[in-house]
Protein chains: 2
Amino acid sequence: MLPSSTVENYLKAIYLGEGHLADDQRLVPMGQLASALGVAPGTATTMVKALAESGLVEYEPYNGVRLSAAGEKLAALVLRRHRLIELFLVRVMGLGWDEVHDEAEQLEHHVSDRLIERIDEMLGRPEVDPHGDPIPKADGHVARHEFDTLLTCPLGERVTVTRVTDQEAPFLRFIEQHNLMPGESIEVEARDEVSDSVRLKGRSDQRITIGMRAASKVRVSASDASSRG
Amino acid sequence: MLPSSTVENYLKAIYLGEGHLADDQRLVPMGQLASALGVAPGTATTMVKALAESGLVEYEPYNGVRLSAAGEKLAALVLRRHRLIELFLVRVMGLGWDEVHDEAEQLEHHVSDRLIERIDEMLGRPEVDPHGDPIPKADGHVARHEFDTLLTCPLGERVTVTRVTDQEAPFLRFIEQHNLMPGESIEVEARDEVSDSVRLKGRSDQRITIGMRAASKVRVSASDASSRG
DNA sequence: TGAATAATTTTGACTATCCAAAATTAAATC
DNA sequence: GATTTAATTTTGGATAGTCAAAATTATTCA
């Protein structure tokens with residue numbers, strides 16, 4: 001039995017939901033799962049119980065759900081397809097990075113392994129997708145390295161944007177217009193709790209101030225000084 | 001309500017089923033439809049009645065079903081997606097023309113108009129797919145021109161292969177190996193009812209003898225003498 | 001700790017799609 | 001024209017996925 005689109009979507013949502021959490025207590029609550037999938041809470045409960053039956057998740061009533069080893073591998077493969085398709089649409093088809101998410105959301109369930117392999121090959125076995133998210137390998141292995149966000153990284157130090165963890169088109173366009181895409185080198189000049197804002201110095205010392213909520217959606221890593229002459 | 005994959009498949013099957021028939025009495029019988037879709041006869045009946053409810057087909061109990069104007073347009077658009085995807089997979093992704101059918105069968109239901117437009121553009125608004133079948137326009141209009149087959153075309157006259165009307169991979173590989181793909185120029189030297197065979201002279205006077213059943217699956221048009229010096 | 005609130009699960013019901021087998025209708029044959 | 005055969009439709013039932021609303025459990029807060 002190969003999993004239906006619905007099952008793949010549930011696994012993916014649980015996988016991404018777990019992302020926020022610590023390694024030990026990584027139970028995704030039903031409410032969060034239901035709203036991530038846009039279904040009623042009861043629907044999520046029913047479905048998750050079925051997933052638990054088939055061994056793809058572990059379900060703790062009233063507590064939440066977490067992926068089993070099998071479920072995690074499947075979720076990673078869905079994400080692999082999603083991210084390879086996104087990158088393909090941007091690099092080969094010339095679509096904008098803010099408009100490929102929905103398309104990939106559909107295609108990820110219907111592309112054969114054969115075609116995905118072809119895409120992977122054509123793109124040169126890439127490590128990350130257009131949002132900077134890592135692309136799982138064909139065996140389901142993911143290079144998980146966690147970074148600071150603009151909210152937590154050191155002040156006054158050059159950092160490189162690695163991921164943008166919000167896939168909404170308007171946000172992505174904002175990011176693009178202000179040169180905050182993955183790969184850009186920037187610096188956090190100041191943060192202010194009171195005004196809920198973060199001031200950035202971007203490319204060619206361009207200044208922008210953004211809200212803390214937005215800042216938390218931009219992941220960065222320390223720019224390696226040695227690699228920049 | 002946009003149509004489900006199932007509805008699209010029914011419409012496409014009826015469209016293709018009508019292809020064999022004359023313009024007036026073009027009713028596809030239920031049995032044929034059911035077996036084309038791989039469902040039980042009763043299932044096809046039920047579904048067709050529902051399609052008739054929504055105005056996509058005209059249903060005559062015990063006689064068969066034909067597409068309405070709306071249904072025909074929808075079917076043409078599904079076919080457009082299918083054929084553009086096939087051509088894309090061959091030309092851009094480098095897949096074999098005998099392995100793209102199944103992939104396209106899946107993707108045709110899940111690709112956005114936006115992406116199809118991109119593909120169409122990238123391929124230079126092509127007229128035909130890798131099997132020589134015409135690609136409907138975005139408005140649903142199809143250039144329908146019927147040709148002879150190797151079974152009916154004049155003997156001893158140069159003809160050009162235009163379509164191969166059997167999508168089975170083994171057959172397509174056979175066609176490819178013997179240089180009988182769309183575009184190739186060939187000549188029927190002889191036909192023999194008794195031995196059920198057709199003798200062909202192909203590229204660089206290569207000879208092959210094929211069965212009449214196979215010959216009927218290769219459509220051709222008269223090679224235009226003026227265009228070949 | 002006990003009531004108010006929030007999250008979760010259960011229940012009953014619905015839609016789309018499918019099948020198997022019985023019943024019916026049409027077609028073919030004698 | 002009556003009967004056999006073939007095609008089609010009906011019937012009863014199954015599965016996957018969904019919702020709304022009632023019932024339950026957990027949590028919060030006074």
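Per chain, numbering begins at 1; letters A, B, ... match sequence-line order.
If you find the closest nucleotide of DNA chain D to B:Asn63 and to A:Pro61, the one lying nearer the 5' end belongs to B:Asn63.
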List the atom pairs, with distances to 0.1 Å, where a side-chain N or O of residues 169-176 of chain B and a protein N or O form a donor-acceptor pair under 3.5 Å, not counting sequence neighbours.
{"unit_1": "B:Arg173", "atom_1": "NH1", "unit_2": "B:Asp98", "atom_2": "OD2", "d": "3.1"}
{"unit_1": "B:Glu176", "atom_1": "OE1", "unit_2": "B:Trp97", "atom_2": "NE1", "d": "3.4"}

Between the protein and nucleotides 15-19 of chain C, are there any N/O to N/O pairs under 3.5 Å, and if so, what are the atom names and distances?
{"unit_1": "C:dT17", "atom_1": "OP1", "unit_2": "B:Ser4", "atom_2": "OG", "d": "2.6"}
{"unit_1": "C:dC18", "atom_1": "OP2", "unit_2": "B:Tyr10", "atom_2": "OH", "d": "3.2"}
{"unit_1": "C:dC19", "atom_1": "OP2", "unit_2": "B:Ala40", "atom_2": "N", "d": "2.8"}
{"unit_1": "C:dC19", "atom_1": "OP2", "unit_2": "B:Thr43", "atom_2": "OG1", "d": "2.8"}

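One can place CG of A:Asn9 at 17 Å from P of D:dA16, the figure rounded to the nearest angstrom. One atom, CG of A:Leu11, and another, P of D:dG17, lie 11 Å apart when rounded to the nearest Å. Here D:dG17 presents its P atom at 16 Å from NZ of A:Lys49, a figure rounded to the nearest Å. Between B:Gln32 atom CD and D:dT8 atom C1' there is a gap of 14 Å when expressed in whole angstrom units. Between B:Leu33 atom CG and D:dT8 atom P there is a gap of 10 Å when expressed in whole angstrom units. Rounding to whole angstrom units, CG of residue A:Leu27 and P of C:dA7 are separated by 17 Å. Rounded to an integer number of Å, the gap from A:Leu37 CG to D:dA16 P is 18 Å. A straight line from OH of A:Tyr62 to C1' of D:dT25 spans 5 Å, rounded to a whole angstrom.
Shortest non-hydrogen contact noted between A:Ser216 and A:Arg213 is OG-O, 2.7 Å. In terms of heavy atoms, B:Glu86 sits closest to B:Asp129 at OE1-OD2, 3.2 Å.
A side-chain contact (heavy atoms from CB on, under 4.5 Å) with A:Leu51 is found for one member of A:Val65, A:Leu56, A:Leu67 and no other, namely A:Leu56. The salt bridge (Lys or Arg N to Asp or Glu O under 4.0 Å) test with A:Glu58 singles out one residue from A:Arg26, A:Arg66, A:Lys49, and that residue is A:Arg66.
Between B:Glu103 and A:Arg114, no side-chain nitrogen of the basic residue sits less than 4.0 Å from a carboxylate oxygen of the acidic one, so the salt-bridge criterion is not met.
One finds no side-chain N or O of A:Tyr59 lying less than 4.0 angstrom from the OP1 or OP2 phosphate oxygen of C:dT8.
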